[in-house]
Every structure is written in structure tokens, then in C-alpha cells.
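Since the structure comes first, as C-alpha cells, the remarks are kept for the end.
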Number of protein chains: 2
Amino acid sequence: MMTNQPLTNPPATIALDAMGGDYAPSAIVAGAVLGARLHGVGIELIGHEAQINAELAKHNTQGLTITVVHTPDVVEMGEAPAVALRRKKNASIAVTAQRVKQGYAQAMVAAGSTGAAMTAALLHIGRLQGIDRPAIGVAMPTSGQTPCLLIDGGANADCPVELLEPFARLGQAFMQGVYSLASPRVGLLNIGTEAGKGNEFCKKAFALLSQAEGINFCGNVEGRNLFTEGCDVAVCDGFTGNVALKSAEGMATLFGKLLKRELMANPFNQLIGLLVKPLLKKAMRPLSHDEVGGALLLGIQGICIISHGGSSANAIQNAIGLAKKAIDGNVLEKMMAIGATSTPQ
Amino acid sequence: MMTNQPLTNPPATIALDAMGGDYAPSAIVAGAVLGARLHGVGIELIGHEAQINAELAKHNTQGLTITVVHTPDVVEMGEAPAVALRRKKNASIAVTAQRVKQGYAQAMVAAGSTGAAMTAALLHIGRLQGIDRPAIGVAMPTSGQTPCLLIDGGANADCPVELLEPFARLGQAFMQGVYSLASPRVGLLNIGTEAGKGNEFCKKAFALLSQAEGINFCGNVEGRNLFTEGCDVAVCDGFTGNVALKSAEGMATLFGKLLKRELMANPFNQLIGLLVKPLLKKAMRPLSHDEVGGALLLGIQGICIISHGGSSANAIQNAIGLAKKAIDGNVLEKMMAIGATSTPQ
């Protein structure tokens, strides 16, 4: 199943599902090459060897540590992840997770189905001790230097309120490790900032987070505060988080559409459009899926980054960069310490 | 308490709380003058007569039917609405609602505290028969001709799933009356579009809406679909709706900030900024609070529009325009028919 296994691993190796996402394997392989060079990491490309090698041949890989781990199976986008992964034990996403579990790689990156990546990670890497249910962390862009990590972005649609405490701890560990924040502020996503606001779930969550030791709880935050550095980690149930994410995404898309329409309205506007386009592109870069790299699967015994299905090579490169930062920042060790110290429920 | 009562009412009269909002009474009075002229309606300005008249004197009101209803009391922004309204029976917001109840006006417009407007409307106008709990409807901007009406925008943070059915009917009535849509499509705000997606609340709501007669239910919609004409009415509990609203608002603000930063980055960019600024302003108009006019309080026996606290004269003018459309479209009659035909619970 494996080929070209390197004799010595470089400081960090990242396992990459080469077959996931709309533009696989070409965009994934191109992103791997970019990422290996830019971030100085080793890459394992997991998937169909012949296809991957054909793509690799298009790039200059001199001096890079890129290995291919062959596996013929792929979980297709339409398949139910749990069913598909039981049937296809050697699916690329499964082997990607196994590479982390077996210690060949310190992180995994997968584009495409969140469900498949999550199921594979749970099945083959496993949950962190003391963490009942993993969550999705999404780095929301802000006008400041660091993003706001929203947890849960959608893994737990029906979410017991008690989960918000481990979400907060996992988020803190990530923001400490990746962004070197000494004491990340945790906010509760709510519909008002004053204590006592919100639905019953939020009222319970507020009491829970207020009393939790070792959490730098800064109170309620509103949807708009996700983008204003109102807090470093915002916790909520997965349903609310997903609605917040997608509503913001919808607004960004509408904003872009309205702007484009105006800049195309007449020849004079089109001329201004030509001038302003590069500036617009630069200004909007923090909002791009490409720049963010991907969402984080938190609560498993490994670093797992799930990139957008439509990921470009640059998105994969950024996901590799994020994985590298998480490895360098000892995020996993920090998260394992949470599990070890948390009281079993 | 009243002065200058007109002998004959014009086709529509709108009662306006002149004392509500951050820029009252000046912005409210200015908006009233604009609105009366632009929309051909009569306006009753409710509040402190001397202050209102001083503002009115600054405008040309020739040919307009603007009357002043004097009342000295005001509910202040910091006050708990229910307590304040019990104590100040003649608060401007209370008298504004009473004017509708008494038939002097066919709609009310109030800027500032949503809670105060809601409490006053419930207390003095009353609920529609068969509607247990009123909701906030917010017209979300889309790239198309008509907005998507999101219900509930925050009145019912803890919301029994059964309420989504009247929300849908109220939304349909509004969209029929104001935008002449024959059969407005109702979507359920969820975290996936396929049937069976979402949390338990959504699964129950989906079943309920699927079976409800007379509701043109088009299934689940996601947060991003609020802005894409994915449906004409999107229903959800008030907590979710408020998070969606504020997250989208936060993203729009961030988008603007990032753009501004880039357009200020250097003298060359500043020059492009000068050229593009009027286009930007025009493009973004649909997203402005000013253009939307206000949120709707649905489920009471009257038309009630609640404008943003920071409402400008133009926002008030647009709120008056929206009220006029609701009156002309017989929205109240359509809503009363819902109550009459709904099965008591």
C-alpha cells in the first residue's frame, strides 16, 4: 500500500487526502508542492498513486519531501460517510487518518466532505480522553490581527449545554498554541451582551462557563462581535454556529454581488472597476476560503484540518500552513492536557 | 392631550413616536415631513408638543397633513419597558399605539427600543386572534427584486415549534400584501437543505410546515439562502433569527472596514477611493438600515414598524413608506384572516 516512505522524517509531516475536494487530485497536489516549499514540511499524499504521480510530474519538487501513499479507494461526495467508510477500509480519507494515528504524520488535511473527514478521524485517530463529542472550529476573520475561533461550527446540531465547557477549553488551547495568546477570551454566542440574555440554553451555558475554572470567560457576545475581536473563542451549539457562519457567508456574497453589479453598470463604472479590482481583491483576502485554509476538527487525538470542497491549491497550501502552526504550537499536547484534567461525566 | 386634529383624515394616517431613537425628535420630525410628502400620507407626531413644533418650524410643511399629539412622558432607553409603561401611561410610545387602536392612525412607526414598542403594541393594540405570541419580521436584502422576510428576528428566544406555523402565515400575508407575491415561498432556516437535516427543533418544524395547509413550504434553507431569493419568508425561532441577523450585520461591517482600510492605504489608493466612493454608496444602499426602514412587529391587530435606534430622517421616511405599502396592501386584513381561520391551541 505504501511507496517512497522517507528514511527520516522532516520536523513535521502532514498527511493529505489527495482525492478529496472538487479539484482533486490536481489542486491538492499543487497545494502540497506549494505548502511543502513555503512551510518547510514533509507531505504524504494519500490516494491513487498513478494519478498523484502524474500531477506531481507537472511540478518542480526538487528538495521537497513529498511521498505518496497509494490507496485505490475514495469516499465519493454523495456517499453516507459512515456507510462508505465501513465498506471502503482503505479509502484515501481513512488511510490519511491512519497515517496520523500510526505516527507517520503529525497532522491531516482533507478537502471535501466534512462528514467523511470527521468519521475517518473519529474511527482511526479517536477522541481525546475526556472529550465526549468533537466539534468544528472555524476561524472567523476579524479586522484585527487574530481571528475569532467559533466552536461549534456544525458538528453537534443538538448539543448538551455541558459540551460548551470542553469547546471553550479546546478553543483556548488552539488560540494559545497557534496565535500565542496567553489567555484567550472565551465568549458565549448570544442575542444580547448583558448577563441573563438569551434562551434557556444560553442562560445555563452562561452559568456553567462563569463557574468553570481555567476558562477566561468574557460573557455574552453577539453575532456581530465575531468579527470585531470581541472575543478570541466564541462557543455555541453546532446549529447556532452553523447558522452564524452561513448567514455571514451569505452577506459577504451579497455584498460582492451588489458591488460587482454597480461596477458593471456603465462604461464609466467599468473603468473605475478596472482600477479598484486589485484593491478589492486585496481588501477581501481575509474573507476568502483560500486564506483561511480550513476548519478544525477539535476533540480528537490529532490535528485535523478540513478544507472547503472547492479548495484551490492556495487553500491547501494555507491549510498546510495552519497545520504546521498547530504542530509547532503544541496544540495537541495542550488539548490532551484538557482531557487528562477534566472530570469524567 | 391632542391638538390640531385634522377634520378629515387623508387616505392613510401613520402615528409616529416622535421621541424614540437616538436623534429624536429632530430626525423623526424631519423623516415625518419627508415621508408625508413622498408617500402622500397623513402623519401624527406623538410626543412633546413644544419640542416637535420647534422642529416642524424648520421644515416646509405646506400641503402636508401633519398633526401633533402632545404627551409629556417618554420611555427612556435604559428603562425596562414593562415597568416603564406601567408607570408612564402616557409615554409617547404608549400613546402612539393607542392612536392605532382608536382608529386615528392605520399604522405606527417607532424608533429605538424594540422591547418598548413591542410592549406598548401588545398592551394597547393587542394580539391578533389566534396568534399566541407576536414575532419580529426583518426584511433581509437580496440580490433580487424582493427581500426575504426573516421571522422571528428575536422576539421569542425560547420558541415552541408550533409558533413557526403562524410565523409562516403572517410572513406570507405580509409578502402578499406588500410585494404582491401570489404565493410566497416559506423556507425553514436550517443547517442543510435536505429534508431530515438539522436539530430536533428543525425536524419537528419541517414535519409541521410540510403538513400545514395553505403554506407554500419550500423546505429547508440555509443562512446564505436568506440573501439569494432562496425563499420569500424564512421562519425560525427568535434566537436563531437574531444570531443570523447580527452575524450577517457583523460581516457587512467587516467587509466595509476592510475595504476602507485598503482604500486609505496610500495616496494612489485614496485617489481610487475618491472615484469609487459614490459607486460603493449606491451599491451598498440595499444593505443600509436607512433603506429597510425598520423591522415589523407581526401578530398584533395593527401595522407596527420598529426602526433602528440610530434612525436618520431617511430611515423614518422609508419606514413610513413601508407602513403605507402595508396599509395599501391590506396586510392587516390578510393577517386577521389567519387568526380567524387558525385552530385554537
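By convention in this document, chain letters (A, B, ...) are assigned in the order of the sequence lines, proteins followed by strands, and residues within each chain are numbered from 1.
- When side chains are defined from C-beta on, Phe227(A) does not count as touching Thr253(B), because their heavy atoms never get closer than 4.5 Å.
- Looking at Leu254(B), only its side chain comes within 4.5 Å of chain A, counting heavy atoms on both sides.
- The residue among Gly238(B), Ala244(B), Gly198(B) with the most heavy atom pairs within less than 4.5 Å of chain A is Ala244(B).
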Sequence neighbours left out, cut at 3.5 Å: what donor-acceptor pairs do the side chains of residues 274-287 of chain A make with other protein atoms?
none

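- Put simply, CG on Asn199(B) and OG1 on Thr240(A) are 8.0 Å apart, with the number rounded to the nearest 0.5 Å.
- When heavy atoms are compared at a cutoff of 4.5 Å, Leu189(B) approaches chain A by way of both its backbone and its side chain.
- In this structure, chain A has a heavy atom under 4.5 Å from the side chain of Leu226(B), while its backbone stays farther away.
- Using a 4.5 Å cut-off between heavy atoms, Asn190(B) contacts chain A through both its backbone and its side chain.
- Across Ile191(B), Ile272(B), Leu258(B), Asn225(B), the residue that shares the most heavy-atom pairs under 4.5 angstrom with chain A is Ile191(B).
- Residue-environment remark: NZ (Lys204(A)) stays at or below the threshold of 12 foreign heavy atoms within 6.0 Å.
- Both the backbone and the side chain of Ser143(A) have a heavy atom closer than 4.5 Å to some heavy atom of chain B.
- Between chain A and the options Lys257(B), Glu222(B), Lys197(B), Met140(B), the largest number of non-hydrogen pairs under 4.5 Å is found for Glu222(B).
- Looking only at heavy-atom pairs under 4.5 Å with chain A, the residue among Ser247(B), Cys236(B), Gly192(B) that has the most is Ser247(B).
- Using a 4.5 Å cut-off between heavy atoms, Cys202(B) touches chain A through its side chain atoms alone.
- Counting heavy atoms of neighbouring residues, nucleotides and ligands inside a 6.0 Å radius, atom OH of Tyr23(A) does not exceed 12 of them.
- With a 4.5 angstrom heavy-atom cutoff, Leu259(A) touches chain B via backbone and side-chain atoms both.
- In terms of heavy-atom pairs under 4.5 Å with chain B, the best-connected choice from Val243(A), Asp237(A), Thr228(A), Leu245(A) is Val243(A).
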